[in-house]
Asks: 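Quick one: the structure is below, and I'll ask about it shortly.
Given the structure is predicted, the values throughout are model-derived calculations rather than measurements.
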Amino acid sequence: MQNTDQELMDEANRLFNAGDYAQAEKRYSAAREEEPDNAQLQFLIGMCRERQSDPEGGLERMREAVRLGDDVALFHFHLGRLCLSQGKREEGREQLAQAIALNPNYVEARTLLGHDWLQSGDLDRAESELQSARRSKPDYAPALTTLALALMRKGDLEEAAKHAGEAARLLPDDPGTQIVLGQILRAQGHLDFAEQCWRNALEKNPDHPGLQGGLARTLLAAGRPREALPYFDQAVRAEGASFDLFVEFGRCLGQLGRFREVITLFDRFRESAPDHPVLVRLLAEAHHRAGDSATAAEILKKIDDPDAADLRILGQALHAAGRLDEALDVQDDLAETPIDDVSRPARLAAGRILLELDRPEDARHRLDPLLKGPTPMPAAVLAWAGYLENLGDAAQAGSVLATAIEGGTGLESEERARLKSELARLYDRMGEHDAAAEYLDDAGWISAGFLPGLENQSSRDAGDAWLEAGADAFAGFPDSAGDDRPAVIWALGWPGSARDLLVSALAAHPDIAGLDSAGWYQRRECLSLPASLEDIRERDDGLWRLDRRKYYRQSRVNEPGAILLEPAWFNVVDLPGLARTFPDARMLVLGADEADLHLHWLLSGFSDPMAMLQAYRREQKLFSHLSSSLPLKYRIVPRSHLLGDKLRESLEGVLEWLGLEWNSEVLARLEKARENYVWWPDGHWRKYAAYLGRD
């Protein structure tokens with residue numbers, strides 16, 4: 001370099017550092033005319049070529065730099081890096097190894113070589129190289145991060161977490177280090193810590209698809225698919241989203257019951273991977289869950305070498321499509337598998353099919369091994385007991401259930417509770433109420449998913465504040481929405497109140513547009529709920545109107561003049577916010593006796609009926625307060641009218657109140673829905689007065 005024009009070089013370096021690589025290359029090339037064998041100039045021109053999206057040109061120049069300066073580790077490193085980026089793995093490794101030979105403490109070269117071994121699946125070589133890099137420079141975060149990833153894949157999660165945590169401490173704002181740390185925490189089962197890790201990183205890098213995908217997967221693993229959905233949606237929009245991320249996104253949609261969206265997603269992805277077994281299986285399952293079981297079966301039949309999971313879904317699809325003989329053949333084949341987790345569910349499925357085919361002796365032969373021993377299969381016990389009850393042999397059905405409960409010493413607590421709950425209901429149907437009451441203790445197995453929302457501290461605080469507020473709190477509420485958007489019907493009622501029956505019936509009216517129940521979370525997220533007293537007093541009118549617009553946009557209903565029916569379950573503490581956002585809303589409130597609801601929860605198998613009762617009482621107290629002062633249009637619909645003999649009279653009153661004409665389809669829908677609705681008549685709780693502690 002001593003013979004080059006220093007001013008020319010200074011100008012070239014300035015342009016390179018400023019990102020003007022084309023102009024920098026011109027000046028380096030001019031300097032090279034004076035020194036054609038200058039290795040560093042070849043190297044710098046190669047860097048300019050690479051930065052101008054000309055990797056082949058960069059590679060050519062780098063090779064020339066290495067030829068002229070074979071003893072410079074930097075040249076070998078960058079040539080190796082470029083080779084690896086272009087898939088020239090063998091040459092790339094050779095160059096990185098040469099760089100390390102020239103400089104054993106070349107931590108960047110060791111880290112990159114370790115990463116390449118990791119990418120190729122040679123975890124031992126990857127760990128060895130990365131440990132050497134760590135020893136060369138203990139505070140080099142990329143080496144620590146890559147080492148953590150290698151250790152995680154080897155199953156050494158504790159050591160992996162240690163190195164990933166140190167890397168995150170050194171580079172707290174780097175998305176890559178946070179991604180690896182979050183993956184390791186998730187693999188360890190520390191989902192709360194993993195979630196916090198992702199959220200902290202997203203605060204600094206809100207649009208990073210890797211962080212969005214990591215948080216989405218963590219929320220899905222924690223059983224929170226609704227919260228995971230928007231993060232999946234953002235992550236998969238990014239260029240280069242991985243196959244695994246698409247699969248997890250599909251699983252998330254599937255858990256939310258949005259199977260048509262799963263089909264659309266996977267159909268699009270199949271263009272690049274038409275025969276990928278995981279994709280084919282998930283696509284078939286989505287068709288099956290969406291009600292198109294015949295298509296699901298045809299997709300699975302095209303798999304050349306189906307595994308047990310494929311056959312399981314095929315059997316289910318054939319069964320749902322009504323092709324019982326074919327389904328039975330599939331399940332009988334699976335039942336011969338020596339793996340219990342495969343054979344036992346297959347025997348159960350075969351038994352159920354045979355019961356449908358009215359072949360009880362063959363069904364009992366399939367089910368018998370599942371009914372006996374310390375670990376009977378609850379689903380098989382329920383299937384056989386249900387068959388006996390339908391035959392009119394309730395006593396024998398009860399004996400099957402009682403035997404499984406008493407002899408099933410290996411049953412999980414929830415499985416035992418499920419069987420006890422069914423036996424209690426069976427005795428109740430037989431009129432043996434004292435016997436039923438004996439099995440109600442510890443018979444709860446259904447989680448009341450809405451309770452956590454009611455117990456949420458913000459909801460409780462808002463509810464307490466509204467109980468103390470007077471009618472003047474609602475003085476600023478508008479009389480109308482001021483736009484032509486359709487009115488909304490909201491239905492409030494607890495399990496056992498027949499709320500679902502009324503919602504189903506009203507959706508049959510031609511002037512009512514029933515909203516998709518699967519999209520309720522997205523619609524709720526558009527609203528500022530629960531609204532506090534401070535929100536009502538201080539929040540700008542424009543923000544309430546914005547919530548309203550977002551809700552209607554999310555509902556995707558464009559029918560002029562239609563009334564929207566919201567099927568989602570909302571808390572009483574939500575009413576002030578709903579009334580402020582939807583002045584034209586109509587509230588249908590299902591009325592029921594507290595004791596009837598309490599018994600319904602017990603006989604239905606809810607796991608914590610006392611917590612439900614306490615929450616219900618708080619809700620009733622708050623509703624009584626709000627309904628007397630909140631400018632709200634509401635109508636009480638007695639449960640007894642929907643379950644008794646005042647069915648048409650009640651529906652006529654509701655439709656008239658809504659300003660709608662009578663339609664017989666509403667009554668037909670309610671009568672049909674009532675056939676499958678499990679309920680107990682008003683006053684039935686008196687059969688259990690002593691157990692309930694009521695007079």
Asks: State whether E389 and R429 are salt-bridged, where the test is any N-O pair (Lys NZ or Arg NE/NH1/NH2 against Asp/Glu carboxylate O) under 4.0 Å.
Replies: yes
Asks: Looking only at the side chains, is there a donor atom on one of H115 and T146 sitting less than 3.5 Å from an acceptor on the other?
Replies: no
Asks: Evaluate the salt bridge (charged side-chain N to carboxylate O under 4.0 Å, His left out) criterion for residues R251 and E248: first the C-alpha distance (whole Å), next the side-chain angles of each, then the deciding distance (0.1 Å), finally the verdict.
Replies: CA-CA 5 Å; R251 288 189 171 124; E248 290 298 302; 2.8 Å; yes
Asks: Kindly say whether L501 contributes a backbone atom to a donor-acceptor pair with the side chain of S504 at under 3.5 angstrom?
Replies: no
Asks: Evaluate Q119 against R89 for side chain to side chain contact (heavy atoms under 4.5 Å, CB included), listing each step before the verdict.
Replies: CA-CA 11 Å; Q119 292 290 91; R89 175 162 277 167; 3.8 Å; yes
Asks: Tell me the closest heavy-atom pair linking A194 and L185, and the distance in Å.
Replies: CB-CB, 3.7 Å
Asks: Salt bridge between D368 and R364, side-chain N to carboxylate O under 4.0 Å?
Replies: yes
Asks: Can any side-chain N or O of W569 pair as donor or acceptor with the backbone N or O of G493 at less than 3.5 Å?
Replies: yes
Asks: Using a strict cut-off of less than 4.0 Å between a Lys/Arg side-chain nitrogen and an Asp/Glu carboxylate oxygen, indicate whether K154 and D124 qualify as a salt bridge.
Replies: yes
Asks: Can you tell me how far apart CG (L282) and CD1 (I299) are? Round to the nearest 0.5 Å.
Replies: 11.0 Å
Asks: Within the distance-only criterion (no hydrogens, no angle test), does the side chain of R416 pair as donor or acceptor with the backbone N or O of A443 below 3.5 angstrom?
Replies: no
Asks: Can we say R323 and E298 salt-bridge, meaning some charged N sits less than 4.0 Å from an Asp/Glu carboxylate O?
Replies: yes
Asks: Is it true that E195 and R217 have a side-chain N and a carboxylate O under 4.0 angstrom from each other?
Replies: no
Asks: With the threshold set at 4.0 Å, does a side-chain nitrogen-carboxylate oxygen contact exist between R425 and E422?
Replies: yes
Asks: Verify salt bridge (charged side-chain N to carboxylate O under 4.0 Å, His left out) between R418 and E414, making sure each step is shown before the conclusion.
Replies: CA-CA 6 Å; R418 175 72 179 90; E414 185 175 307; over 6 Å; no
Asks: We want to know whether E566 and Y551 form a side-chain donor-acceptor pair, criterion being a heavy-atom distance below 3.5 angstrom.
Replies: yes
Asks: As a quick check of understanding, evaluate side chain to side chain contact (heavy atoms under 4.5 Å, CB included) for I405 and Y439, giving each step before the final call.
Replies: CA-CA 10 Å; I405 293 169; Y439 282 97; 4.3 Å; yes
Asks: Begin from the C-alpha positions of L357 and D362 and carry the test side chain to side chain contact (heavy atoms under 4.5 Å, CB included) through to its verdict.
Replies: CA-CA 10 Å; L357 292 170; D362 290 334; over 6 Å; no
Asks: Can we say R366 and D332 salt-bridge, meaning some charged N sits less than 4.0 Å from an Asp/Glu carboxylate O?
Replies: yes
Asks: Any idea how Y677 and H600 line up, ring-wise: parallel (<30°), tilted (30 to 60°), or perpendicular (>60°)?
Replies: parallel
Asks: Whether the W445 and S607 side chains hold a donor-acceptor pair (N or O, under 3.5 Å, no angle test) is what I'd like checked.
Replies: no
Asks: Show your reasoning for whether side chain to side chain contact (heavy atoms under 4.5 Å, CB included) applies to L245 and F243.
Replies: CA-CA 5 Å; L245 186 66; F243 172 74; over 6 Å; no
Asks: Output, in order, the C-alpha distance, side-chain angles, deciding distance and verdict of salt bridge (charged side-chain N to carboxylate O under 4.0 Å, His left out) for R281 and D307.
Replies: CA-CA 10 Å; R281 182 184 305 146; D307 61 16; 2.7 Å; yes
